[in-house]
Amino acid sequence: VRCALDAMSDFDTAWALTVCHHAAVAVRQLHSAGVAHQDVKPSNLLTFSEWLAKLGDLGRCSQRGTSAPHDREIVRGDPTYAPPELLYGRIDPDWSVRCQACDWYLLGSLILFIFTRTQTTAELIRRIPEGIRPDPLGEPFETALPYLVNAFDELCEDLEIQLEGVLATELVRHVRSLCNPDPAERGDPIQRRNGKNPYDLQRIISRLDVLAREARGGYLQKRPR
């Protein structure tokens, strides 16, 4: 997907929404089988045609109830894209929070990259004081979290400014639920409020599909500012 973006002379919003939709479908398919990808990033989203993308490289996956050698590692995928809690060494004992919430963050980061070429984790770290950035001998995650949340709010505000209208509103809402720096708040708030699985991506998948169709029909702005 990175190569496809580099080759574009004019950003295609419909294409971008379509490949984001395909990525979300792929993550949900893995989750429905009790598998977490843990390395969702631009170089692992493969484009096969103008309107088809698939998620590749399952070498860092974890499966609920089984053990793999890399499961002993705190960061199982590329640390450049890892959610902040893992960079601070925080490992939740709940597999869903540890692994599926990680995939939510990575998916949201991928969406941000496709639309803005912004690397979410690097941006969050850049926006917090140097003294509380991830360091084995530094501050714990709980101390850094309020700063990360504030940095994330600023990043989402920047996204709303960069994009336009309905697209900005929709994407920011989804990115907020996908990439919340607090893993306890990451996920679908409606599902969580109703006591259901907060890491079910179906609502986001449905909205990305609708947005992609509207963009192909000319109902959305064709490109970011």
Side-chain angles (χ1 to χ4, degrees), residues 1-28 40-55 81 83 101 103-124 126-127 149-181 185-192 198-225:
V1 76
R2 188 192 299 272
C3 295
L5 287 167
D6 288 342
M8 283 184 184
S9 57
D10 191 23
F11 187 86
D12 188 335
T13 300
W15 173 87
L17 288 165
T18 299
V19 298
C20 289
H21 171 246
H22 290 179
V25 169
V27 172
R28 187 174 190 266
V40 178
K41 59 184 181 180
S43 58
N44 285 341
L45 185 61
L46 312 177
T47 55
F48 289 86
S49 69
E50 184 179 2
W51 300 107
L52 177 63
K54 295 186 178 184
L55 190 59
Y81 297 91
D103 278 358
W104 268 61
Y105 179 91
L106 295 173
L107 176 62
S109 179
L110 175 65
I111 292 172
L112 264 176
F113 178 86
I114 288 172
F115 277 90
T116 68
R117 304 304 288 266
T118 298
Q119 208 292 317
T120 307
T121 301
E123 270 298 304
L124 292 180
R126 183 183 69 81
R127 292 167 185 254
V149 169
N150 184 64
F152 181 60
D153 286 340
E154 292 177 355
L155 183 59
C156 288
E157 289 170 5
D158 289 348
L159 177 61
E160 278 199 275
I161 293 171
Q162 184 171 353
L163 302 177
E164 295 180 339
V166 173
L167 180 60
T169 302
E170 290 270 3
L171 283 185
V172 168
R173 185 170 75 247
H174 298 322
V175 166
R176 282 189 179 278
S177 63
L178 287 162
C179 285
N180 195 310
E185 297 296 326
R186 202 175 297 151
D188 187 322
I190 295 178
Q191 290 284 100
R192 178 175 282 114
Y199 306 120
D200 186 345
L201 284 160
Q202 186 54 57
R203 282 162 45 81
I204 289 178
I205 288 170
S206 297
R207 288 306 302 158
L208 288 173
D209 184 34
V210 169
L211 287 171
R213 293 172 186 272
E214 289 178 348
R216 288 198 292 271
Y219 300 111
L220 289 175
Q221 294 290 333
K222 289 297 183 183
R223 58 177 299 174
R225 292 176 181 171

Point to revise | For Leu171 against Leu17, the heavy-atom pair lying closest together | key: CD2-CD2, 4.3 Å
Study note, to complete from the structure: In terms of heavy-atom contacts, Arg186 and Arg192 come closest through O-NH2, 2.7 Å
Study note, to complete from the structure: In terms of heavy-atom contacts, Ala24 and Leu201 come closest through O-CD1, 3.8 Å
Review point. Which residues satisfy the side chain to side chain donor-acceptor pair (under 3.5 Å) test with Ser43, sequence neighbours excluded?
Key: none
Check your understanding: So, do Phe152 and Val175 sit near enough that their side-chain heavy atoms are less than 4.5 Å apart?
Key -> yes
**Study point:** Separation of Asp103 CG from Tyr105 OH (nearest 0.5 Å)
**Key:** 13.0 Å
Revision key, fill the gap. One should read off an interatomic distance between Glu160 CD and Arg173 CZ, to the nearest 0.5 angstrom, of 11.0 Å
Check your understanding: Does Ala53 offer a backbone N or O that forms a donor-acceptor pair with the side chain of His22 under 3.5 Å?
Key -> yes
Practice item. With Arg216 as the cation and Trp51 as the aromatic partner, state whether NZ or CZ is under 6.0 Å from the six-membered ring centre and within 45° of the axis. Key: yes
Review point. Between Asp153 and Arg176, does a side-chain contact (heavy atoms from CB on, under 4.5 Å) hold up when you go through it step by step?
Key: CA-CA 8 Å; Asp153 286 340; Arg176 282 189 179 278; 2.9 Å; yes
**Study point:** Of Leu107, Leu110, Asp188, the residue whose pairing with Leu178 passes side chain to side chain contact (heavy atoms under 4.5 Å, CB included)
**Key:** Leu107
Revision key, fill the gap. Rounded to the nearest 0.5 Å, the OG atom of Ser109 sits from the CD atom of Glu123 at a distance of 10.5 Å
**Study point:** Min side-chain heavy-atom separation Tyr199-Val27 under 4.5 Å
**Key:** no
Review point. Side chains of Thr120 and Tyr81: donor-acceptor distance under 3.5 Å anywhere?
Key: no
Review point. Can you list the steps and then say if Trp15 with Met8 is a side-chain contact (heavy atoms from CB on, under 4.5 Å)?
Key: CA-CA 11 Å; Trp15 173 87; Met8 283 184 184; 3.0 Å; yes
Point to revise | Residues that Ser177 engages under side chain to side chain contact (heavy atoms under 4.5 Å, CB included), provided they are two or more places apart | key: Trp104, Pro189, Ile204
Review point. For Thr47, which residues count as a side chain to side chain donor-acceptor pair (under 3.5 Å) partner, sequence neighbours excluded?
Key: none
**Study point:** salt bridge (Lys or Arg N to Asp or Glu O under 4.0 Å) between Arg127 and Asp158, worked out
**Key:** CA-CA 12 Å; Arg127 292 167 185 254; Asp158 289 348; 2.7 Å; yes
**Study point:** Intermediate values then yes/no, salt bridge (Lys or Arg N to Asp or Glu O under 4.0 Å), Arg213 and Asp209
**Key:** CA-CA 6 Å; Arg213 293 172 186 272; Asp209 184 34; 3.2 Å; yes
Practice item. Supply the atom-to-atom distance Cys179 SG to Leu155 CG, rounded to the nearest 0.5 angstrom. Key: 8.5 Å
Exercise for review: Quick one: pull up NE2 in His174 and CD1 in Ile205 and give me the separation to the nearest 0.5 Å.
Suggested key: 11.0 Å
Review point. Minimum heavy-atom separation for Cys20 to Ile114, with atom names?
Key: SG-CD1, 3.7 Å
Review point. Which distance, rounded to the nearest 0.5 Å, do you find between the SG of Cys156 and the CG of Leu112?
Key: 7.0 Å
Revision key, fill the gap. Nearest heavy-atom contact between Leu45 and Ala23 is CD1-CB, 3.9 Å
Check your understanding: Between the side chain of Gln119 and the main-chain N/O of Thr121, is any donor-acceptor distance below 3.5 Å?
Key -> yes
